[in-house]
Amino acid sequence: MPHKKTALTFWGTRGSIPSPGKDKSKYGGNTSCIELQFPNDQLIILDGGTGIRELGNTLVMRNKQVRASILLSHYHWDHIQGLPFFAPAYNANNALTIYGANHPQFPLGNVLSSQMESIHFPVKASSLAAHISFKELSAEVSCFEDVEVRILRANHPGTTFSYSFSFDNHKLVYMTDNELLPNTAQAKSHIDYTRDNFIRFIHGADTLIHDAQYSGREYEIKKGWGHSHWREALTLAAEGEVKQLILFHHDPDHNDTLIDTLVKEGTALLKEMSSSTRCSAAMEGSTLYL
Ligand SMILES: [Zn+2]
Ligand SMILES: [Zn+2]
């Protein structure tokens, strides 16, 4: 019998705000959410952007008890806003553990309740019948059953985590909302930034999912906002000898044609750099088998 692989599904690929539209139907309009379904049925969900709603509906249709670990990169809207719409959270048979960074001004336990206050939301947080627990991550390495998880602080306003997962001889890195500074730029850095740290963290990854929000001159205007020019993600992946780079956190103003162009230009640029890294862009609804 062939060995079962881990399935990675993109439920939301967009950054900042949902941006549905005919011209975005290929890469999708929902904000950050990725499902990792492991062969032993373990379920890890990365971020709770609006994409998590559709994932929840799919899990409900499977008609099985849901036990999931939800790892949040940080608590900006586009990474948490789908959580109150995650249907399995309303079923008492289900158990969810939500993980994230310690933030002095914002306890992780408030990530659901604060956005469900009556001024913002019609349903009270007390209606969430599932067993929901919250765990702040601080250690650099944790284990989720057979999956080793490492964290590194990203260059983004507020404490933001990048996650590296090692399982079954595969290294997957999820690095969204991370501003890579061009070597010449004097951008404001939110952390004690060294590019070497990032390269060490991603080194040799089979799959790197990286923030590639800006193209063209956008970065010049939005320096310090905590997102990368797609070309910086590309050079980082090449320097880190990553096998496959997946551009992620697409700008709400980028349509399918533009993202297609970035992938095409990225592929050509990697070839020019004699890098063997492959480049693609995260597509809502697509599944990769790792
Ligand atoms: Zn974001
Ligand atoms: Zn953010």
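Just follow the structure's listing: the first ligand is 1, and inside any ligand the first atom is 1.
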Shortest-distance N, O or S atom of [X] relative to the Zn ion (ligand 1):
X	answer
Asp78	OD2
Asp177	OD2
His249	NE2

### Query
Taking NZ, NE, NH1 and NH2 as the nitrogens, is one of them in Arg67 or Asp41 under 4.0 Å from a carboxylate oxygen of the other?
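No, this pair does not count.
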
### Message
Salt bridge or not between Lys223 and Glu179? Use side-chain N to carboxylate O under 4.0 Å.
### Response
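Judged by the 4.0 Å cut-off on N to carboxylate O distance, Lys223 and Glu179 do not form a salt bridge.
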
### Heteroatom test (N, O or S) for His76 near the Zn ion (ligand 1), limit 2.8 Å
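No, since none of the N, O or S atoms of His76 sits under 2.8 Å from the Zn ion (ligand 1).
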
### Message
Would you say the Zn ion (ligand 1) has His79 as a near neighbour, meaning an N/O/S atom of that residue under 2.8 Å away?
### Response
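Within the cut-off used here (under 2.8 Å), His79 does place an N, O or S atom near the Zn ion (ligand 1).
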
### Query
salt bridge (charged side-chain N to carboxylate O under 4.0 Å, His left out) between Arg62 and Glu35: does it pass, once the steps are laid out?
CA-CA 15 Å; Arg62 287 182 202 158; Glu35 173 193 12; 3.6 Å; yes

### Task
Let me know which of Thr160, Thr31, Asp177 forms a side-chain hydrogen bond (donor to acceptor under 3.5 Å, both in side chains) with His79.
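It is Asp177; the other options fail the test.
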
### Message
Looking at the Zn ion (ligand 2), is there an N, O or S atom belonging to His156 that lies under 2.8 Å away from it?
### Response
yes

### Summary
Checking Leu245, Val242, Leu208, Leu152 against Val173 for side-chain contact (heavy atoms from CB on, under 4.5 Å), the one that qualifies is Leu208

